[in-house]
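All values reported here derive from a predicted model rather than from experimental measurement. Within every chain, numbering begins at 1; the chains are lettered A, B, ... in the order of the sequence lines, protein sequences first and strands thereafter.
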Number of protein chains: 2
Amino acid sequence: MTTGGAGPTEDRARDGGWSDQVNALGGFIRAQRQMAKLSLREMASMTRVSNAYLSQVERGLHQPSLKVLHSIADALHLNTEQLLRQAGWDASTAPEPEPRPRPAGPSSVEEAVRAETRLTEEQKTAIIGVYRSFLDS
Amino acid sequence: MTTGGAGPTEDRARDGGWSDQVNALGGFIRAQRQMAKLSLREMASMTRVSNAYLSQVERGLHQPSLKVLHSIADALHLNTEQLLRQAGWDASTAPEPEPRPRPAGPSSVEEAVRAETRLTEEQKTAIIGVYRSFLDS
DNA sequence: CACGGGCGTTAAGTATGTCAAGCACGGCTG
DNA sequence: CAGCCGTGCTTGACATACTTAACGCCCGTG
């Protein structure tokens with residue numbers, strides 16, 4: 001292979017756009033790393049992820065896991081959400097805000113839930129259902 | 001309700017921190033799924049993730065990838081950030097302290113849950129996660 | 001000149017995520 | 001009773017994340 005340095009990255013994606021995302025993420029990370037004037041090995045020791053793998057991630061060859069993404073964000077002092085946006089993170093599913101005040105009274109779990117006025121009846125039933133299913137598991 | 005096996009399957013985490021997180025995440029997902037009245041297979045077909053794997057994730061046997069997490073959030077109409085919080089996405093990296101608005105006063109529901117000795121810590125975390133997700137929806 | 005020593009990249013190995021089939025239990029319906 | 005569906009769960013094969021040990025290159029020395 002054209003080992004060593006100047007490899008022309010002639011990698012074509014035959015996949016649906018996933019690699020675009022990963023590639024963008026990688027580029028972003030590499031840019032941030034270089035801006036912070038860190039070498040792969042330095043960053044590797046900070047993140048406890050191998051330099052080799054970091055290299056691959058930066059070139060878009062792999063999609064890193066949460067753990068790794070988190071470490072990277074940490075080492076680069078980035079906002080985590082930022083990084084996640086760069087990873088394939090579409091916004092979606094926006095629930096409608098429905099504020100509802102009023103506190104409640106004390107007691108056991110079920111009573112407390114039932115007394116919680118900010119919840120709808122459906123929500124109360126749901127939570128209690130979960131609670132019970134945990135109890136008899 | 002967790003029918004079928006009725007297996008005790010007392011698989012306690014002896015691994016340390018890792019499984020706590022994953023377990024809480026799994027509990028949260030399972031809770032949300034049951035609330036949505038979905039079976040594993042239904043959710044599997046919505047998320048295009050196999051029912052088998054979903055089962056394992058819900059029981060904390062595996063840490064799902066971003067793709068999967070995203071599909072799940074989508075299928076359950078959850079806010080993605082919520083899910084990520086439940087996945088081991090805790091504090092640490094907080095360059096900008098973002099004071100989460102905690103408008104509601106002391107919640108008796110949370111206190112009641114925490115005081116419920118028949119629940120494991122992961123179960124408590126899951127229930128409270130559900131509860132909060134309802135509150136600020 | 002040779003020699004360390006830094007850099008990014010590669011190759012081969014191990015761990016872990018993910019899937020397609022099939023199992024065991026239980027609820028029905030005839 | 002048998003037989004079908006519907007659960008959730010297990011297993012064994014494969015794909016992908018990730019590691020450790022190299023390689024080739026470039027830049028300082030002595």
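- Put simply, A:S55 has a side-chain N or O that comes within less than 4.0 Å of OP1 or OP2 on C:dT9.
- Residues B:M43 and B:I72 come closest through the heavy atom pair CE-CG2, 3.7 Å.
- At whole-Å resolution of the value, NZ in A:K67 and P in D:dT16 are 19 Å apart.
- Counting only distance, with no hydrogens or angles, the side chain of B:R48 and the backbone of B:A44 share no donor-acceptor pair below 3.5 Å.
- Distance check, rounded to the nearest 0.5 Å: CZ of A:R30 to CG of A:L54 gives 10.0 Å.
- Here C:dT18 presents its C1' atom at 14 Å from CG of B:L69, a figure rounded to the nearest Å.
- Here the shortest heavy-atom pairing between A:P64 and B:L66 reads O-CD1, 3.4 Å.
- Note: CG (A:L66) to C1' (D:dC18) measures 15 Å, nearest angstrom.
- Distance check, rounded to the nearest 0.5 Å: CG of B:L25 to CG of B:L83 gives 6.5 Å.
- Side-chain contact, B:S45 with B:R41: no donor N or O sits under 3.5 Å from an acceptor N or O.
- For the pair A:T47 and A:A75, the tightest heavy-atom approach, listed with the atom from each and the gap, is CG2-CB, 3.5 Å.
- For B:Q63, whose side chain is taken as the heavy atoms from C-beta onward, the closest listed nucleotide among C:dG17, D:dC18, D:dT7 is C:dG17.
- Over its length, the helix from C:dC1-D:dG30 to C:dG30-D:dC1 turns its helix axis by 0°, as judged from the five terminal pairs at each end, rounded to 10°.
- The separation between B:M43 atom CE and D:dG8 atom C1' is 14 Å, rounded to whole Å.
- Residues passing the side-chain hydrogen bond (donor to acceptor under 3.5 Å, both in side chains) test with A:Q56 are A:H62, sequence neighbours excluded.
- Atom pair B:E58:CD and C:dT18:P shows a separation of 14 Å (rounding to whole Å applied).
- Between B:R33 and D:dT7 there is no side-chain N or O to OP1 or OP2 distance below 4.0 Å.
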Write down the protein N/O and nucleotide N/O pairs, taken from nucleotides 19-23 of chain C, whose separation is under 3.5 Å; answer none if there are no such pairs.
from, atom 1, to, atom 2, distance (Å)
C:dC19, OP1, B:R48, O, 3.4
C:dC19, OP2, B:S50, N, 3.0
C:dC19, OP2, B:S50, OG, 3.4

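- Following rounding to the nearest Å, A:R30 (CZ) and C:dC7 (P) show an atom-to-atom distance of 13 Å.
- The distance between atom NE2 of B:H62 and atom P of D:dA15, rounded to the nearest whole Å, is 17 Å.
- What separates CG of A:L61 from C1' of D:dA17 is a distance of 12 Å, to the nearest Å.
- In this structure, A:L54 and B:L40 both approach DNA chain D, and ranking their closest nucleotides by distance from the 5' end singles out B:L40.
- A donor-acceptor pair is defined here as one N or O able to donate and one able to accept, closer than 3.5 Å; such a pair exists between the side chain of B:E42 and the backbone of B:S39.
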